[in-house]
Student: 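Pasting a structure here, questions to come.
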Protein chains: 2
Amino acid sequence: MKVLIVEDDPLHRSYLHEAVNAALPECDTVIEAENGTAGEKLARDHKSAHIVMDLQMANRNGIEAARTIWKERPETRILFWSNYSDEAYVRGVSRIVPDGAAYGYVLKSASDERLKLALRSIFIESQCVIDREVRGLQQKSLGQTNGFTDSEYEILVDIALGLTDRAIAKRRSLSLRSVQNRLQQLYDKLDVYQSAGDDHEDGRFNLRARAVTVAFLRKLLNYSALERAEAELQEWLEGK
Amino acid sequence: MKVLIVEDDPLHRSYLHEAVNAALPECDTVIEAENGTAGEKLARDHKSAHIVMDLQMANRNGIEAARTIWKERPETRILFWSNYSDEAYVRGVSRIVPDGAAYGYVLKSASDERLKLALRSIFIESQCVIDREVRGLQQKSLGQTNGFTDSEYEILVDIALGLTDRAIAKRRSLSLRSVQNRLQQLYDKLDVYQSAGDDHEDGRFNLRARAVTVAFLRKLLNYSALERAEAELQEWLEGK
DNA sequence: CGCCGTCTTGCGTAAACCCGCAGCTTGTTG
DNA sequence: CAACAAGCTGCGGGTTTACGCAAGACGGCG
């Protein structure tokens, strides 16, 4: 058995290396990549079926890399190992995991024990292992309670990118008014109307900009989500 | 000599611990904190004069912590050790360093050697050591070439927070029109007018929102900068 | 001191945005 | 099938933005 480790940070990389050796005696080879691009290439060359992947790497982030890897070989097992459980990441990951694929999401703050368990469960037993904290987000995100619909999230991204209502309408094939409806829905859920109890009418917010910031502060959005969205936008712009 | 290490990640923390021991034989005690809040407390209790500080920690980030520490004891020497050289961080740090204080900014990607050298230079020789890459940003940021004025940066933050023109005017004691002037200046510098060469008039951007995103993608802003700005905003709102 | 560049401010306009009202299309449920 | 909730869309109007034009204000500088 071969395991590929894709991770920026040399310290974490060698820690992972040890953890893999300790948890998987049946693993005879460990290879390492220090960014997403290299990771993709190695995965292809070695036909890796077992990958431990960091999200958030400078060069090309884990989600991008995982996406192309899964596109080529959907049965690949990937354990995501990340510092954060931002909703943006969680959403990003669950958007790209192929049907029935075995994968995992473990936080870096987890104990050695938990990491090793996750490694065995995913790579040997083909089980999905999702960190409890992350799991919570996923639930909330899928169930509607307090969570955001896909269309709400979509429009959030669109205004975050700086599109006008008209442009959004065109992109999503909606009428202007519908776009604005969704915006209002979004403003509602983000609770963007004034900072709590402040009744001065002068301290008003620009809802559109405020919504984006609030989303950021709540980790609904983060840098990597923006980056991806921007790339998609550019693509769309190309295609007229 | 006593050294205080403030760092989230246990791996990095122990790495730093070793590096300090190796670089500074004159150091007899090393204490560790795993977030900003704990760091501040330990610094106070131990009257630490030598600190290695991570930026970007979950609980309370390094800039906040450094600010309060420096407020109490401005002669404290702090070495910032960070993964990133976002302009937002660099700007954040240089805004809080007291006159004549010895401090350093080293990237985590630097070699062992460089880290050790920096430790000695700052703690023993009271020199400032700024990573070359970071230095570049600082220059650009101070010299006007291609960089952003303080007032431009200020208004960038204000729209990022989601304030209306009117609110900004009030906050910064300007007329509405002046605020809008500065905005235009900002839009200019960020080059927010249409995505390169696209002459379809439909693909237009909402300049205000777009500016924020572009700033984010260029790392002029980041999460921690937003967080701080938001806190300041709330303070201001309190004070009517 | 007069010239000049930078910054501030007011006026005015066209466009974009926020949003209530109301008619329609759907999918769901008893 | 009737009833109802949920989402799409057009209309209309009050606000906010973006920005050209032009008149001061302030700070060098020859």
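We name chains A, B, ... by the order of the sequence lines, and we start the count at 1 in each one. The structure displayed is predicted, hence computed values, not measured ones.
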Student: Can you tell me the distance, in whole Å, between the CZ atom of A/R166 and the C1' atom of C/dC17?
Tutor: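 Going from A/R166 (CZ) to C/dC17 (C1'), I get 11 Å.
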Student: Could you check how far CD1 of A/I155 sits from P of C/dC17, rounded to whole Å?
Tutor: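 The answer, rounded to whole Å, is 11 Å.
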Student: When you check the side-chain N and O atoms of A/Q184 and A/Q180, is any donor under 3.5 Å from an acceptor?
Tutor: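 There is no such pair (donor and acceptor under 3.5 Å, judged by atom type) between the side chains of A/Q184 and A/Q180.
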Student: Rounded to the Å, how far apart are B/L174 CG and D/dA25 P?
Tutor: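 So the CG-P distance, B/L174 to D/dA25, works out to 17 Å.
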Student: On DNA chain C, does the nearest nucleotide to A/N206 precede the nearest nucleotide to B/S178 from the 5' side, or the other way round? Give the residue.
Tutor: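 Mapping each residue to its closest nucleotide by heavy atoms, the 5'-most match is B/S178.
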Student: Does A/R182 place a side-chain N or O at less than 4.0 Å from the phosphate oxygens OP1/OP2 of D/dC8?
Tutor: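 Yes.
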Student: Is any side-chain nitrogen or oxygen of A/R204 closer than 4.0 Å to OP1 or OP2 of D/dT16?
Tutor: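 Indeed, a polar side-chain atom of A/R204 lies that close.
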Student: Flag the pair A/E152 and A/R182 as a salt bridge only when some basic side-chain nitrogen lies within less than 4.0 angstrom of an acidic carboxylate oxygen.
Tutor: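 A/R182 and A/E152: not salt-bridged.
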Student: Under 4.0 Å between a side-chain N or O of A/T164 and OP1 or OP2 of C/dA16?
Tutor: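 No, outside the criterion.
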Student: CD1 of B/I63 to OG1 of B/T68: how many Å apart, nearest 0.5 Å?
Tutor: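 Spacing of CD1 (B/I63) from OG1 (B/T68) equals 12.5 Å.
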Student: Could you grab the distance from atom OG1 of A/T213 to atom CG of A/L221, nearest 0.5 Å is fine?
Tutor: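 The CG atom of A/L221 is 10.0 Å from OG1 of A/T213, to the nearest 0.5 Å.
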Student: Is any side-chain N or O of A/Q184 closer than 4.0 Å to OP1 or OP2 of C/dG20?
Tutor: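 For C/dG20, OP1/OP2 do have a side-chain N/O of A/Q184 under 4.0 Å.
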Student: Whole Å only: how far is the CG atom of B/D188 from the P atom of C/dT6?
Tutor: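 Answer to the nearest Å: 14 Å.
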Student: Quick check on the 6.0 Å ring-centre criterion: do A/F216 and B/F216 meet it?
Tutor: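 Yes, the ring centres sit under 6.0 Å apart.
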Student: Ignoring the backbone of A/L183, work out which of C/dT8, C/dC18, D/dC8 is nearest its side chain.
Tutor: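 Of the candidates, C/dC18 comes closest.
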Student: Give A/N181 one of three labels, base, sugar-phosphate or nothing, depending on what nucleic acid heavy atoms sit under 4.0 Å from its own.
Tutor: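 Answer is base: heavy atoms of A/N181 come under 4.0 Å of a base.
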Student: Round to the nearest Å and state the distance from A/E152 atom CD to D/dA6 atom C1'.
Tutor: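 Nearest whole value for this atom pair: 12 Å.
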Student: Can you tell me the distance, in whole Å, between the CZ atom of A/F205 and the C1' atom of D/dT15?
Tutor: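 After rounding, the reported distance stands at 17 Å.
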Student: Classify the side chain of A/Q180 versus the base of C/dC17 as yes if they form a donor-acceptor pair under 3.5 Å and no if they do not.
Tutor: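 For A/Q180, whose side chain was compared with the base of C/dC17, there is no donor-acceptor pair (under 3.5 Å).
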Student: Check the distance between C/dC7's C1' and B/L176's CG and give it to me in whole angstrom.
Tutor: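 To the nearest whole Å, that distance equals 16 Å.
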Student: Does A/R177 place a side-chain N or O at less than 4.0 Å from the phosphate oxygens OP1/OP2 of D/dC11?
Tutor: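 No, because none of the side-chain N or O atoms of A/R177 sits under 4.0 Å from OP1 or OP2 of D/dC11.
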Student: Kindly say if A/S175 contacts the phosphate of D/dC8, meaning a side-chain N or O under 4.0 Å from OP1 or OP2.
Tutor: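 For D/dC8, OP1/OP2 do not have a side-chain N/O of A/S175 under 4.0 Å.
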Student: In whole angstrom, give the distance that lies between atom OH of A/Y193 and atom C1' of D/dT15.
Tutor: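 For the pair A/Y193 OH and D/dT15 C1', the rounded distance is 15 Å.
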